[in-house]
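A short worksheet on the structure shown next.
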Amino acid sequence: MPYEIPPRERPKDDNGYFEQLTKAVFRAGFSWKVIRDKWPNFQRAFDGFDIEKVARYEAQDVDRLLADEGIVRNGRKIEATIHNANVIQQLIAKHGSFYHYLRSLDGLDYAARRKDLRRRFRHLGPTGIFVFLHCVDENVPSWDERNI
C-alpha cells in the first residue's frame, strides 16, 4: 500500500468532519508527513476549522493564508477549503449535521457515494474521498477495491 492510512475515528462535531475533509484535500499530491507535521499550523491558520468562520473568509483571508509559511500555500486548495466550508453549511442546514448528510448516502454503493462527494466538494479525488471516509469511520471498500 503506497500510503499509511490514518486511524479511524468519528469526529465529535461538524467542525471535526470539516477538518478531516480539509486534511484529505491538502494530503493530495503532498507528503502526508509534511501535512501531519504542519497540521497544528493549519488548525491555527483556519481558525480551528470553525465552519462558520471559514465560510466567511474573503480575499484578504486568502492572501493571509498564502503568506503563511506554516502551512502548504496552495491557492487552489485554500479556495477549495473555503468553498467546502460553504457546502458543509448548506448540508448541515438541509440534514441537521454533516453526520446526517453522510447517513443520507447509506443506501448508495461506494461508487455512488464517492460520486456525490466528488460532485459537491472541490479538490477531492478518489483517494482523498477514500481516506476521508476511512478517517471519519465510514464504511469503505478495501484499499485495492476503492476505485471500483
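Nothing fancy with the numbering, it's 1 onward along the sequence.
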Nearest 0.5 Å please: distance from the [atom1] atom of [X] over to the [atom2] atom of [Y].
| X | Y | atom1 | atom2 | value |
| --- | --- | --- | --- | --- |
| Glu52 | Ile88 | CD | CD1 | 11.0 Å |
| Asp37 | Ser31 | CG | OG | 7.5 Å |
| Thr22 | Ile82 | OG1 | CD1 | 10.5 Å |
| Phe130 | Cys135 | CZ | SG | 9.5 Å |
| Leu66 | Ile78 | CG | CD1 | 4.0 Å |

With a 4.5 Å heavy-atom cut-off, do [X] and [Y] have their side chains touching?
| X | Y | answer |
| --- | --- | --- |
| Val140 | Ile129 | no |
| Pro126 | Arg114 | yes |
| Ile71 | Phe26 | no |
| Leu65 | Arg73 | no |
| Val131 | Arg27 | yes |
| Tyr99 | Asp14 | no |
| Arg8 | Val136 | no |
| Glu138 | His134 | no |

Checking Arg36, Lys38, Gln43 against Pro40 for side chain to side chain contact (heavy atoms under 4.5 Å, CB included), the one that qualifies is Gln43
Taking [Y]'s backbone N and O only, do any of them form a donor-acceptor pair with [X]'s side chain (distance below 3.5 Å, no angle check)?
| X | Y | value |
| --- | --- | --- |
| Asp47 | Asp50 | no |
| Lys77 | Ala28 | yes |
| Arg64 | Ala45 | yes |
| Asp137 | Arg10 | no |
| Asn15 | Ile51 | yes |
| Asp116 | Leu105 | no |

Identify the heavy atoms of [X] and [Y] that sit nearest to each other, and give their distance.
| X | Y | result |
| --- | --- | --- |
| Ala85 | Val54 | CB-CG1, 3.9 Å |
| Phe121 | Leu91 | CZ-CD1, 3.8 Å |
| Leu117 | Tyr101 | CD2-OH, 3.6 Å |
| Gly16 | Pro11 | C-CB, 3.6 Å |
| His123 | Ala80 | CB-CB, 3.8 Å |
| Leu124 | Ala24 | CD1-CB, 3.9 Å |

Under the ring pair (Phe, Tyr, Trp, His ring centres under 6.0 Å) test, which residues partner Phe49, sequence neighbours left out?
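Result, ring pair (Phe, Tyr, Trp, His ring centres under 6.0 Å) vs Phe49: Phe18, Trp39, Phe46.
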Start with the C-alpha distance between Arg56 and Asp61, add both sets of side-chain angles, then the distance that settles salt bridge (charged side-chain N to carboxylate O under 4.0 Å, His left out), and finish with yes or no.
CA-CA 9 Å; Arg56 290 191 307 266; Asp61 297 295; over 6 Å; no
Can you tell me if Asn86 and Tyr57 form a side-chain donor-acceptor pair at under 3.5 Å?
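Result is no, nothing qualifies.
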Counting only heavy atoms from other residues, nucleotides and ligands, does the tally under 6.0 Å from [atom1] of [X] exceed 12?
| X | atom1 | value |
| --- | --- | --- |
| Arg120 | CZ | yes |
| Asn139 | CG | no |
| Glu69 | CD | no |
| Arg76 | CZ | no |

Hey, are Arg113 and Asp106 close enough for a salt bridge, meaning a charged N less than 4.0 Å from a carboxylate O?
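Asp106 and Arg113: not salt-bridged.
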Which residues pass the side-chain hydrogen bond (donor to acceptor under 3.5 Å, both in side chains) test with Ser104, not counting sequence neighbours?
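side-chain hydrogen bond (donor to acceptor under 3.5 Å, both in side chains) list for Ser104, sorted by chain: empty.
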State whether Phe98 and Arg103 meet the cation-pi test: NZ (Lys) or CZ (Arg) under 6.0 Å from the six-membered ring centroid, and within 45° of the perpendicular axis.
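No, Arg103 does not lie over the aromatic ring of Phe98.
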Which is it for Arg44 and Asn41 under the side chain to side chain contact (heavy atoms under 4.5 Å, CB included) test, yes or no, and what are the steps along the way?
CA-CA 5 Å; Arg44 173 195 45 76; Asn41 299 327; 3.8 Å; yes
